[in-house]
There are 2 protein chains.
Amino acid sequence: MTVCQRRNTRQRQVVLEELRAENCHPTAAQLYDRVRQRLPRISLGTIYRNLDILEETGQCVRLCGSASAEARFDGRIEPHLHHQCRACGRVRDLETMLPVLDDMIGRNVEDHRVDSFTLIFHGVCAGCRS
Amino acid sequence: MTVCQRRNTRQRQVVLEELRAENCHPTAAQLYDRVRQRLPRISLGTIYRNLDILEETGQCVRLCGSASAEARFDGRIEPHLHHQCRACGRVRDLETMLPVLDDMIGRNVEDHRVDSFTLIFHGVCAGCRS
DNA sequence: ATCGTTGCAAAATATTTGCAGTTGA
DNA sequence: TCAACTGCAAATATTTTGCAACGAT
């Protein structure tokens with residue numbers, strides 16, 4: 001969606017309020033169910049469109065997925081870091097080590113067991129900046 | 001897919017070989033295109049099934065997505081850590097701080113600019129272990 | 001009045017699955 | 001032999017989009 005003068009619609013307000021009220025990282029469909037309790041005529045398309053706008057304007061964060069960002073697979077199985085370019089979408093392996101992360105494996109964080117991790121840095125890659 | 005005696009089929013071998021040969025974290029469709037050059041009659045369904053098995057047996061890693069793990073959104077926008085339970089699928093915010101990650105923001109890693117990061121620890125949560 | 005936004009429905013995209021035939025152990 | 005696996009096609013699931021009406025500024 002192109003940049004333009006955003007309007008502060010009731011739908012967008014409620015989507016953001018319910019997203020903030022939810023501490024469980026809802027999917028679009030889960031958020032739709034919540035928002036529909038307050039705005040019964042809202043459509044799922046509007047939820048998706050507003051989530052895109054909220055992300056674009058830095059008011060929410062997308063943890064993974066979307067049809068245009070399908071699952072990606074990595075044949076390198078030892079824990080390592082990634083960088084994904086916001087411009088070209090490419091995901092690269094990094095050789096940088098962060099021992100503090102490796103040390104978490106096999107331990108608990110806040111009582112939850114850690115077996116592995118996925119770390120993706122987001123930003124513009126060298127190629128896309130030059 | 002239930003655990004059973006895996007067979008070492010040619011299709012599975014080639015999927016894994018091509019996944020390892022690819023350093024760019026291919027999607028299932030991209031891998032399909034590569035594998036099809038060696039096994040022209042392979043189907044996309046077989047690619048998906050083998051990627052599931054390879055992940056299950058720890059021979060590859062899924063970076064994000066899949067139809068059963070849709071995009072999740074987070075109304076908390078400052079960088080923070082997550083834990084996703086392998087058993088119940090729930091994603092939780094963590095309060096633990098890793099300054100080494102926050103310090104990366106605004107800098108480059110291996111020449112790629114970092115604006116933000118997504119970190120998800122994987123493992124079984126406290127509730128699912130008890 | 002303008003143009004961003006909405007609801008609805010249809011389309012597009014991505015992933016999974018049923019089935020009958022094939023194949024590895 | 002025989003259960004795991006395959007190709008194919010159909011079914012699901014998720015996300016996006018076209019359009020006419022609506023509404024914020």
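Residue numbering restarts at 1 for every chain, and letters A, B, ... go by the order of the sequence lines.
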With the side chain of A28(B) defined as its heavy atoms from C-beta on, choose the nearest nucleotide among dT15(C), dG7(D), dC8(C).
dT15(C)
Between T9(B) and dG24(C), is there a contact of a side-chain N or O with OP1 or OP2 at under 4.0 Å?
no
From dT25(D), dC8(D), dT6(C), pick the nucleotide closest to the side chain of R49(B)?
dC8(D)
Which nucleotide in the set dG7(D), dC8(C), dT16(D) lies at the smallest distance from any side-chain heavy atom of S43(A)?
dC8(C)
Below 4.0 angstrom from OP1 or OP2 of dC5(D), is there any side-chain N or O of R12(B)?
yes
Side-chain N or O of T46(B) less than 4.0 angstrom from OP1 or OP2 on dG7(D)?
yes
I42(A) atom CD1 is separated from dC8(C) atom P, nearest whole Å, by 10 Å
Any luck finding a side-chain donor-acceptor pair between H83(A) and D93(A) under 3.5 Å?
no
For I53(A) and dT5(C), what is the distance between atoms CD1 and C1' respectively, to the nearest whole Å?
8 Å
May I ask you to check whether over 12 heavy atoms, not counting those of E78(B), lie within 6.0 Å of atom CD?
yes
With sequence neighbours excluded, residues passing salt bridge (Lys or Arg N to Asp or Glu O under 4.0 Å) with R34(B):
E18(B), E22(B)
Distance check: side-chain N/O of Q11(B) vs OP1/OP2 of dG7(D), anything under 4.0 Å?
yes
L51(B) CG to dT6(D) P, straight-line distance once rounded to whole Å
11 Å
Could you tell me whether the phosphate oxygens of dT6(D), OP1 or OP2, come under 4.0 Å of any side-chain nitrogen or oxygen in N50(B)?
yes
Using whole Å, what does the distance between atom C1' of nucleotide dT15(D) and atom CG of L31(A) come to?
15 Å
Test your reading of the model: is there a side-chain donor-acceptor pair from R38(B) to the backbone of V14(B), 3.5 Å cut-off?
no
In whole Å, I'd like the distance from the CD atom of Q30(B) to the P atom of dT13(C).
15 Å
Closest-nucleotide 5' rank along DNA chain D - winner of L44(A) and I47(B)
I47(B)
Using only atom types and a distance under 3.5 Å, with no angle test, would you say the side chain of N108(B) pairs donor to acceptor with the backbone of E110(B)?
no
Quick one: label R41(B) by what it contacts on the DNA or RNA (base, sugar-phosphate, nothing), any heavy atom closer than 4.0 Å.
sugar-phosphate
Tell me: CZ of R62(A) to P of dT14(D), nearest whole Å?
15 Å
Over how many whole Å does the gap from L63(A) atom CG to dT14(D) atom C1' extend?
17 Å
Looking only at side-chain N and O atoms, does R6(A) come under 4.0 Å of OP1 or OP2 in dT5(C)?
yes
Closer to the 5' end of DNA chain D via nearest nucleotide, is it R10(A) or D52(A)?
D52(A)
In whole angstrom, give the distance that lies between atom CZ of R7(A) and atom P of dG4(C).
7 Å
